[in-house]
Number of protein chains: 4
Amino acid sequence: MAAPPGVDQIRMSPRIPSPGMRAPQRRRGHERVAALLSAASSCFVEKGYDAATMTEIAARAGASIGSLYQFFPTKEALAEALIADHAEALYGHMERLVVQTPGWSSDELAARLIRTFADYRRRHPSFVVLVEAGGSLPSMLGRTIRHRIRDYLSQILAIHAPALAAGDLRPAAMVVQQLMKAAVALHNEQPASLRQAAQTQLRSALALYLKDLAEQRQPTA
Amino acid sequence: MAAPPGVDQIRMSPRIPSPGMRAPQRRRGHERVAALLSAASSCFVEKGYDAATMTEIAARAGASIGSLYQFFPTKEALAEALIADHAEALYGHMERLVVQTPGWSSDELAARLIRTFADYRRRHPSFVVLVEAGGSLPSMLGRTIRHRIRDYLSQILAIHAPALAAGDLRPAAMVVQQLMKAAVALHNEQPASLRQAAQTQLRSALALYLKDLAEQRQPTA
Amino acid sequence: MAAPPGVDQIRMSPRIPSPGMRAPQRRRGHERVAALLSAASSCFVEKGYDAATMTEIAARAGASIGSLYQFFPTKEALAEALIADHAEALYGHMERLVVQTPGWSSDELAARLIRTFADYRRRHPSFVVLVEAGGSLPSMLGRTIRHRIRDYLSQILAIHAPALAAGDLRPAAMVVQQLMKAAVALHNEQPASLRQAAQTQLRSALALYLKDLAEQRQPTA
Amino acid sequence: MAAPPGVDQIRMSPRIPSPGMRAPQRRRGHERVAALLSAASSCFVEKGYDAATMTEIAARAGASIGSLYQFFPTKEALAEALIADHAEALYGHMERLVVQTPGWSSDELAARLIRTFADYRRRHPSFVVLVEAGGSLPSMLGRTIRHRIRDYLSQILAIHAPALAAGDLRPAAMVVQQLMKAAVALHNEQPASLRQAAQTQLRSALALYLKDLAEQRQPTA
DNA sequence: TATGAATGAGGTTTCATTCAT
DNA sequence: TATGAATGAAACCTCATTCAT
């Protein structure tokens with residue numbers, strides 16, 4: 001189930017057309033779009049949003065530049081289509097986590113959260129690149145997604161630490177979110193042994209924090 | 001003592017020229033270099049490394065494009081000079097922290113670490129932009145600095161958690177480093193009340209982790 | 001059949017794309033490429049390789065600068081495409097000379113050689129400029145072509161002076177090649193009467209040399 | 001007596017100031033000028049007239065750019081000063097040849113001519129570069145020098161071939177001049193064995209031509 | 001629809017030359 | 001006089017985007 005390196009897993013099934021993207025009408029069109037998104041993804045990962053060029057993306061997809069613009073009217077639209085695709089997948093993961101949270105200890109929850117995000121980042125490397133892309137990609141999508149992820153995390157925390165004051169929910173979710181980013185960032189570290197040790201440590205830090213949240217104010221009850 | 005928004009604090013005293021930068025030799029030159037670095041810093045912060053243009057940087061510094069290139073032969077050299085300057089300041093902070101660590105509890109250490117990094121990021125916003133800049137800024141400096149910061153954190157942990165197994169030192173330092181990045185990232189969040197609550201939570205998470213490290217294996221003693 | 005002054009004769013038929021040049025694929029593209037090569041040729045002749053600018057070449061061809069770079073990714077590639085075209089023509093002339101050599105006296109051979117080169121230079125003025133261009137055009141093509149021309153001359157000499165020692169063939173060819181360069185250079189001289197007289201003299205010098213080569217060691221036979 | 005490679009032999013003795021060059025007033029100035037000319041010479045040889053930069057020339061001479069412009073108000077003036085110096089040396093050689101011509105056979109004359117020019121080019125490599133420099137160096141000096149050399153050659157031919165019709169003198173001188181250029185060009189050829197063989201051949205061609213000139217119309221007398 | 005050609009503003013960088021100290 | 005800073009026109013080249021076939 002591993003993706004070829006540098007190529008994100010993009011849904012090839014009929015997609016909800018993102019805004020700014022013309023919906024392909026036929027089978028042939030779908031293949032094109034998938035190839036274009038895949039090419040875009042690997043370009044963005046390898047060179048970053050700014051340095052990736054529409055011409056090269058088209059070439060890598062075996063398409064002409066005109067063809068690329070037929071489906072994605074701007075570079076930004078292309079990036080946003082990718083982000084939207086990736087976000088959809090991430091939302092799915094989060095929803096599954098929310099459902100499963102009730103049965104988990106802090107240790108288990110910590111492990112699942114970190115594994116989910118680390119795996120996601122391995123499978124969707126371009127997501128990170130695009131969401132972190134500086135002022136050059138002036139999309140609001142990143143912000144929206146971050147907030148939605150934060151919502152999922154809030155739900156999870158509400159389940160895991162039911163006694164937590166309502167006002168502490170979002171700040172805690174923000175911290176957990178940052179720890180997820182950390183888990184993702186650690187994936188770049190070399191050598192592998194160090195990376196794994198660090199990930200173990202991070203899991204431990206997260207577990208401690210989650211346990212603390214879960215125990216908070218419970219004596220009050 | 002706060003810097004004007006978007007303008008990093010740049011040393012105006014005679015600088016150690018970074019590699020690739022031509023050193024000014026007259027007073028006029030030093031002033032120019034300071035103005036150029038300051039202009040560069042704000043441009044990079046506002047637009048990111050790629051989108052910032054040499055032309056605008058020169059204009060903002062009230063200099064001609066030729067003047068800019070007199071001292072910084074490439075855009076990359078300019079960015080690296082900035083990074084090097086900022087890194088020097090950061091090293092200074094870290095050294096002070098190392099010295100002070102012995103007297104601190106986990107709570108105090110967590111608070112100091114987070115405050116140091118959050119303040120630093122407020123004073124040197126361009127540092128973050130440049131160190132995180134993607135493939136477009138192909139400098140190795142970021143890597144070097146990250147490793148050196150990690151060294152400082154290892155020292156701090158060795159003092160704070162003397163019983164920690166030597167092999168766990170660096171992984172733990174990596175985790176702390178990621179938490180510092182988190183503290184820095186939280187500085188962008190709005191509104192302020194949420195940001196402060198999140199920072200409190202982060203401090204708590206870090207304190208828990210540090211305490212856990214400090215207590216580890218101590219029963220053995 | 002004379003070309004307009006300063007404009008080389010460029011093949012308008014589908015060209016073999018030189019290395020580094022993107023091949024046009026539509027009719028419009030072929031016309032563009034021909035216009036661009038022609039404009040480049042006259043610019044190079046008038047100003048030399050260094051002083052000719054891509055901007056002016058594009059303008060002279062009635063194309064935008066982007067169009068120029070679409071087909072020739074660098075100034076050097078443009079020059080090399082020109083050189084390669086011209087070289088092809090020159091090789092054709094040389095092959096015809098080789099075939100005809102057997103029937104000629106030294107006087108005739110001298111006249112034909114000189115006429116061939118002088119005519120060629122009148123029709124392909126940019127060839128000379130580009131092949132002699134100094135370090136600024138770091139192409140290896142010039143070298144290659146020079147050697148190949150020398151090979152043709154060696155063949156001609158082997159036919160014309162069959163008794164010549166094999167080891168003397170290439171040195172003699174080099175001398176003949178230099179005399180060809182001289183014939184080409186004389187084309188710049190003014191006034192015309194002087195030029196013609198000089199060319200007559202040069203023909204005579206070449207004829208003497210060829211005759212001497214042809215007679216060499218023949219008593220041995 | 002060999003010059004360091006790549007550095008022309010420039011007169012260090014008080015020089016006749018070229019037009020456009022301010023005469024240095026004192027000893028110190030002379031050294032400066034000599035260093036600057038030497039640096040310029042090697043730069044021009046290595047990179048060609050266009051690619052050589054005033055900044056690098058100054059740096060190589062251990063001088064500041066301001067200092068360079070103190071003595072040579074433009075790049076062109078610098079090149080012309082160099083040319084003028086070299087030309088002076090060449091004129092000296094030619095004058096000595098003229099004086100010695102009467103005693104020489106055609107073979108000897110050919111050998112002497114070729115040796116003179118080949119040696120000269122080895123000692124003054126920048127002369128060739130500058131005189132051949134294309135439209136970028138719009139000096140008339142090259143033309144003037146070429147004509148003066150042609151005059152010397154005419155004198156030599158008048159002595160060596162006294163029966164030659166007056167109208168044939170200059171055309172013949174032009175041909176000899178081209179052969180000298182050939183001798184100079186052959187100096188670049190590799191390997192050395194081939195170069196020497198070619199030079200022998202060239203000497204033979206020149207000798208044949210000179211002998212022919214000398215014998216011409218003599219039966220008439 | 002698909003393709004490749006066309007566009008041109010704008011980016012980085014160079015360098016001869018001038019100027020102020 | 002000597003130095004290094006300042007200048008800015010202009011060079012090469014890129015690339016998102018549009019157009020014509």
Side-chain angles (χ1 to χ4, degrees), chain A residues 22 24-26 28-29 32 50-59 63-78, chain B residues 22-33 50-58 62-78, chain C residues 22-33 50-58 62-76 78, chain D residues 22 24-26 28-29 32 50-59 63-76 78:
Chain A
R22 250 181 296 288
Q25 304 298 2
R26 308 213 175 292
R28 183 76 190 283
R32 257 286 131 95
D50 284 289
T53 76
M54 294 298 268
T55 304
E56 184 177 356
I57 289 169
S64 67
I65 181 70
S67 205
L68 174 52
Y69 273 89
Q70 202 112 43
F71 292 109
F72 303 98
T74 65
K75 191 181 181 183
E76 196 184 333
L78 176 56
Chain B
R22 255 186 292 289
Q25 311 197 357
R26 294 243 219 281
R27 173 124 80 75
R28 185 91 180 270
H30 281 108
E31 291 167 11
R32 261 284 137 94
V33 165
D50 283 294
T53 77
M54 294 297 267
T55 307
E56 185 179 353
I57 290 169
S64 67
I65 183 68
S67 247
L68 174 51
Y69 275 91
Q70 177 107 36
F71 295 107
F72 302 99
T74 65
K75 192 181 179 182
E76 193 185 338
L78 176 55
Chain C
R22 255 185 295 289
Q25 311 196 359
R26 294 241 217 283
R27 171 123 80 74
R28 184 90 181 272
H30 280 109
E31 292 167 10
R32 261 284 137 94
V33 165
D50 283 295
T53 78
M54 295 296 268
T55 305
E56 184 177 354
I57 289 169
S64 68
I65 183 68
S67 247
L68 173 51
Y69 276 93
Q70 178 107 37
F71 295 107
F72 303 98
T74 63
K75 192 181 179 182
E76 193 184 337
L78 176 55
Chain D
R22 250 182 294 291
Q25 304 299 2
R26 307 217 173 292
R28 184 75 189 284
R32 257 286 132 94
D50 283 290
T53 75
M54 294 297 267
T55 303
E56 184 177 356
I57 290 169
S64 67
I65 181 70
S67 204
L68 173 52
Y69 273 89
Q70 201 114 43
F71 294 110
F72 303 98
T74 65
K75 191 181 181 182
E76 196 184 332
L78 176 56

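Here is how names work: the chains are called A, B, and so on, in the same order as the sequence lines, proteins then strands, and each is numbered from 1.
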Close side-chain approach of C/Leu78 and C/Met54, heavy atoms under 4.5 Å | yes
With respect to the phosphate group of E/dA5, does any side-chain polar atom (N or O) of C/Ser67 fall under 4.0 Å of OP1 or OP2?
-> no
Round to a whole Å and report the spacing from CG of A/Leu78 to P of F/dT17.
-> 10 Å
Whole-Å distance, C/Leu68 CG to E/dG8 C1', equals 13 Å
Which residues pass the salt bridge (charged side-chain N to carboxylate O under 4.0 Å, His left out) test with D/Glu76, sequence neighbours left out?
-> none
Between E/dC15 atom P and D/Phe72 atom CZ, what is the distance in whole Å?
-> 20 Å
Let me know the distance between CD of B/Gln70 and C1' of E/dT12, rounded to the nearest Å.
-> 17 Å
Once you round it to whole Å, what is the distance between C1' of F/dA6 and NE2 of B/His30?
-> 17 Å
Can you list the residues that meet the side-chain contact (heavy atoms from CB on, under 4.5 Å) rule with C/Gln70, with sequence neighbours excluded?
-> none
Involving DNA chain F, stems made of at least three consecutive Watson-Crick or G-U pairs, both distances under 3.5 Å | E:2-21 with F:2-21
Find which nucleotide of DNA chain F each of B/Gln25 and C/Arg26 is nearest to by heavy atoms, and output the residue with the more 5' nucleotide.
-> B/Gln25
Results of side-chain contact (heavy atoms from CB on, under 4.5 Å) for A/Ser64 - residues two or more places apart only | A/Ser67
Using the 3.5 Å cut-off, write out each protein N or O paired with an N or O of nucleotides 13-15 of chain F and the distance between them.
residue, atom, partner, partner atom, Å
F/dC13, OP2, C/Tyr69, OH, 3.0
F/dC13, OP2, C/Lys75, N, 3.0

With C/Phe71 via side-chain contact (heavy atoms from CB on, under 4.5 Å) - residues at least two apart = C/Pro24, C/Arg32, C/Val33, C/Leu36
How many angstroms lie between atom CG of B/Leu68 and atom OG1 of B/Thr74, to the nearest 0.5 angstrom?
-> 10.0 Å
Within the pair C/Ser64 and E/dA6, is there a side-chain N or O less than 4.0 Å away from OP1 or OP2?
-> no
Could you pull out the closest heavy-atom pair between B/Lys75 and B/Ala52, with the gap in Å?
-> NZ-O, 2.8 Å
Nearest-nucleotide check on DNA chain E, B/Arg28 vs C/Arg32; residue mapping nearer the 5' end is C/Arg32
